[in-house]
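As structure tokens, the structure follows; a few thoughts come after it.
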Amino acid sequence: MKEYSLNPVLSFFFFLSLMILFLEMGVAQNTTSTIPVNVGVVLDLAYLDANIALSCINMALSDFYASHGDYKTRLVLNTRDSKKDVIGAAAAALDLIKNVEVQAILGPTTSMQANFVIDLGEKAQVPIISFSATSPSLTSIRSSYFLRATQNDSAQVNAISAIVQAFGWREAVPIYIDNEYGEGIIPYLTDALQEVDARVPYRSVISPSATDDQIVEELYKLMTMQTRVFIVHMYRSLGTRLFTKAKEIGMMSGGYVWIMTDGLSVDFLSSPNHSVTDTIQGVLGIKPYVPRTKQLEYFRARWKRQFLRDNPNKIDAELNIYGLLAYSLALAVEKAGTTNFGFQKANVSSNTSTDLATLGVSLNGPNILRALSTTSFKGLTGDYLFVDGQFQSPAFQIVNVNGNGGRRIGFWTPPEGLVKTLNPRINKRMNSTSTSRLSTVIFPGDTTVVPKGWEIPTNEKKLKIGVPVKSGFSEFVAVTKDPGSNTATFTGFCIDVFDAVVKALPYALPYEYIPFAKPDGEPAGTYNDLAYQVYLKNYDAVVGDITIVYNRSLYIDYTLPFTESGVSMIVPIADNNSKNAWVFMKPLTWDLWVSSFLFFVLIGFVVWVLEHRINEDFRGSASDQAGTSFWFSFSTMVFAQRERVVSNLSRAVIIIWCFVVLILTQSYTASLASLLTVEQLQPTVTDVRELIKKGEYVGYQKGSFILGILLDLGFDKSKLVVYSSPEECHHLFSKGSGNGGIAAAFDELAYIKLILSRYCSKYTMIDPKFKTGGFGFVFPKGSPLVPDISRAILNVTEGDEMKQIEGAWFGKKSTCPESSSSISSNSLSLKSFWGLFLIAGLAALLALIIFVVMFVYRERNVLRSSDSTASIWSRIENFFRIFIQRDSTSSTFRQSDLNDRNGISLPAMGAPSPSDYSVDTEYPANRSSASYDSSPNREAPQEVVIDIDQLTNRNQERPAALEIDHESN
């Protein structure tokens, strides 16, 4: 009980430091007599710790004056007993200020007493310096004349939360005394725990006047809860009784965690008592860190001798941190001395005067306050500095009660958190929230195994698991009630998964299923209502096909999901393949039809350009040439072209084009065969907006959160129809949207897959897919079971057991084709063939470029005509006139002329026949249009049939004929 145990060591040191401040302000005195300076001391003298603190203050004065004999001021202590009462402390302070005119007051003992005394000090401008009032609520008074020469209780909450975080505890219950001292720390402690994701599910408040029976009753109440981490903040006398009763009923055994705030830690461990420490074995504690120095040990031994000499009956007294603070404070008051110790009297009428009205104002108070606020001074426990009237401490030490004392297991500092030693170089290599930064802890029950921080109470009923009651989709969860025995049977996929998960836990978890139903067996509400029952603590958890959604997570916690997540749409499918007279057009899309036609024209044009000057098959009138070219190009579609191709460039283009045509025709044939023979099942609806625009009716499962999604999408609530089972959904689809049925249904993926497994030939799943969390189990907010259950879910879902459960309820994997969100078309598009067209186009373009370059180079003299008067246009016109004429220098035409002059007409290809060997009586050069006159008077051409020997003789004479012909030319 921190506020009654003043820890005399710090009292001694702090008072000595304060005394030095007083004296240094008045050191330059030339008078031969000393100047008395009145300082008030208000303590609860009935307590041993108050007497220890007072002895430390007196020792501080003696030590200071022994070493500073030249100081002329002398502090005069005026001690008053507050008699353990708030009014007594206020009356003592009023007496000291009004009648004694003290320059400062050391004390009072408790925070409640300080609350009254601070107002008096503010009014009289007398500094109130307390080394034991630790309540954070005193900070809110915001009095400039109140100096707290001890730790604020709120300074230790971060150290406590760091311990909770390091051991992974998720919940903690504070047990505190029902007064200002106990309540002051709770808001800060709760906030610190929440910052490390630890909850405070319950606050145990114990009255200062509570009997042992009342304490036991409260402890039994804590035993019925799951939390096993307790943080104790109360006075020593009450704390001793609390731990004694906790041990008697078995709460100091394995699995429990107890953490003491610094008040109890200092009280219990500064003066260890075997009867007390025996009840707190394994408890963790927080203490302000006091470095052990030779100066401190020397003072401790000297103080012990002096105290026993003055108090021979109090042999158990031990110097503690509050005695050190009192010593240091006394030194500071002495050091702050002054030359003006008077009070300015209040100017009030004698008829209306009261004690408060006649209270004067100290003339030296502001100087003392300034000296204390701006001066750092060194005491036996280190350097002291006030910041905003609050004493700053560098570190806390973490202790573990073992044997007859506390064993230090680490430290906590604001910049580094938990550390094993105060060595910055070692601490940088370690995580500030890891248990590796603490020495081994021996917990209650004499075990080093870290408790989980929670347990299923053995004296409480089994976990009550709520289960939804529904008429459809019994594969997921079903509740069957036996009228005879009035018992319920719980089956389904979700039930089996939860049973398997609980078996996978490393500990036993007793539970029982309870149907969420009315007495008549009907559902007692929606899934939101069922989840809210967990928040109301009517159920400990909910198991079923409960979807993880945001709005429920605000008041309950979910485990990890154990099913696939998402919401999608299912629609009927129908054979959209209308086999009409124009079905032959459907294998290709319009862009592919147009592209193919253009390329046929392009290839015909390219072949004509390359062939018409050297190939007689592409000669004739303009219409003949155009017809032949396009006939040749389109006939490649069925590979029926008869015209010869003599140009190598043409042959290259035709080879590539024939390959393109082969691929295109084969693909067309396959697609047309599929259209004519295979049933083409297509969704009747592919877009949600189409449903909204047409005002179609859509369905959703009864009681599902999907209703909110549909309304958010823009569906009219009057167009929404509910169903409760796959059979009912199928029935609504069969009726149709215009006949009281639906055109589409929205549901979660787990339900959709179940529907499709039964009716895969009738329906399909279509986008969009809305993301959801999947199915999860529901637990109260912050339940310590959630992480363990979630890990067990991962263990089950990653193994073969989940496959066995799915197979038991949903059968083997469906033989239905997988539903696709994208609807594929049977029509071939340009996207599938643009690469082939690109290759054919590049080949044709390259052949044209090569031909044009060669032709221009050969006929360059035509463009560079010697007639300088000729215009450019006439030259170009002459150039194109040459282009459309046949090339008489071509080897093809020279061979043809030679055959004609020899009277031989050879077939274009293939083996010769007797009719092929004929000799025309006229040379081609002498032919004219009259030769082919069709009039009756035209003489028939004379032909001579020759045999093979004659043909051979003529061929032997051909070289001479060629020479004669050449000379004649």
Side-chain angles (χ1 to χ4, degrees), residues 468 470-477 523 526-528 531 544-552 561 563-574 682-776 810 814 816 818-823:
K470 54 194 304 184
S471 58
F473 294 97
S474 58
E475 289 85 355
F476 291 97
V477 61
T526 64
Y527 279 58
N528 287 336
D545 48 349
I546 309 291
T547 305
I548 301 174
V549 292
Y550 168 75
N551 63 331
R552 297 174 189 160
T563 62
E564 186 179 359
S565 63
V567 173
S568 191
M569 176 176 69
I570 54 174
V571 297
I573 52 178
Q682 297 292 333
T684 56
V685 180
T686 59
D687 193 356
V688 175
R689 289 169 295 183
E690 181 181 350
L691 293 171
I692 299 174
K693 183 178 180 181
K694 293 182 178 180
E696 300 282 5
Y697 286 87
V698 297
Y700 68 96
Q701 192 178 161
K702 184 179 180 180
S704 174
F705 69 95
I706 296 177
L707 172 62
I709 295 179
L710 296 177
L711 294 177
D712 291 340
L713 288 174
F715 282 98
D716 189 344
K717 193 171 184 179
S718 61
K719 299 293 183 180
L720 304 179
V721 182
V722 298
Y723 58 86
S724 301
S725 64
E727 294 77 13
E728 187 175 353
C729 179
H730 171 62
H731 178 67
L732 291 174
F733 272 124
S734 301
K735 295 171 66 175
S737 178
N739 301 312
I742 57 176
F746 290 81
D747 216 328
E748 296 178 76
L749 295 181
Y751 300 117
I752 289 179
K753 289 186 176 181
L754 178 61
I755 295 174
L756 293 180
S757 67
R758 297 185 181 183
Y759 308 102
C760 64
S761 62
K762 298 180 180 296
Y763 311 108
T764 188
M765 183 168 58
I766 302 296
D767 270 347
K769 289 182 180 177
F770 305 96
K771 293 299 295 181
T772 60
F775 291 166
F810 306 120
S814 175
C816 298
E818 290 290 335
S819 299
S820 175
S821 58
S822 59
I823 305 305

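Closest heavy-atom contact between Pro572 and Ala743: CD-O, 3.4 Å. Here the shortest heavy-atom pairing between Ala745 and Phe733 reads N-CZ, 3.6 Å. In plain terms, the two heavy atoms of Ile752 and Ser568 that are nearest each other are CD1-O, 3.5 Å. Nearest heavy atoms, Ser724 versus Ser471: CB-OG, 3.7 Å. Nearest approach of Ile742 to Cys729, heavy atoms of both residues: CD1-O, 4.5 Å. Among all heavy-atom pairs drawn from Ala744 and Val571, the shortest one is CB-CG1, 3.6 Å.
To the nearest 0.5 Å, the span separating CD1 on Ile692 from CG on Leu710 amounts to 9.0 Å. With rounding to the nearest 0.5 angstrom, the CG atom of Leu713 is 11.0 Å from the CZ atom of Arg689. Taking CG of Leu749 as the reference point, atom OG1 of Thr563 lies at 8.5 Å (rounded to 0.5 Å). In this structure, CG in Asn528 is found 4.5 Å from CZ in Arg552, a value given to the nearest 0.5 Å. Here the straight-line distance linking atom NZ of Lys702 with atom OG of Ser725 works out to 11.0 Å at 0.5 Å rounding. In this structure, CD1 on Ile570 lies 11.5 Å from NE2 on His730, to the nearest 0.5 angstrom.
Contact check for Lys753 versus Phe810: no side-chain heavy atoms found under the 4.5 Å cut-off. Within the 4.5 Å cutoff, side-chain heavy atoms of Tyr700 are placed close to those of Val722. Side-chain contact check for Thr526 versus Phe705: every heavy-atom pair is 4.5 Å or farther apart. Counting heavy atoms from C-beta on, the side chains of Glu696 and Phe715 never come closer than 4.5 Å. Counting only heavy atoms from C-beta outward, the side chains of Val698 and Met569 never approach each other to under 4.5 Å.
Ring geometry, Phe476 versus Phe775: the interplanar angle exceeds 60°, so the pair is classed perpendicular (tilted spans 30 to 60°). Aromatic ring pairs are classed by plane angle as parallel below 30°, tilted from 30° to 60° and perpendicular above 60°; the pair Phe746 and Phe770 is tilted.
If you check the side chains of Ser718 and Asp716, you find a donor sitting under 3.5 Å from an acceptor. Remark: the Thr547 side chain and the Glu748 side chain contain an N/O donor-acceptor pair separated by less than 3.5 Å. Judged purely by distance below 3.5 Å, without hydrogens or angles, the side chains of Tyr723 and His731 never pair a donor atom with an acceptor atom.
With Ser565 contributing its side chain and Thr772 its backbone, the two residues share a donor-acceptor pair below 3.5 Å.
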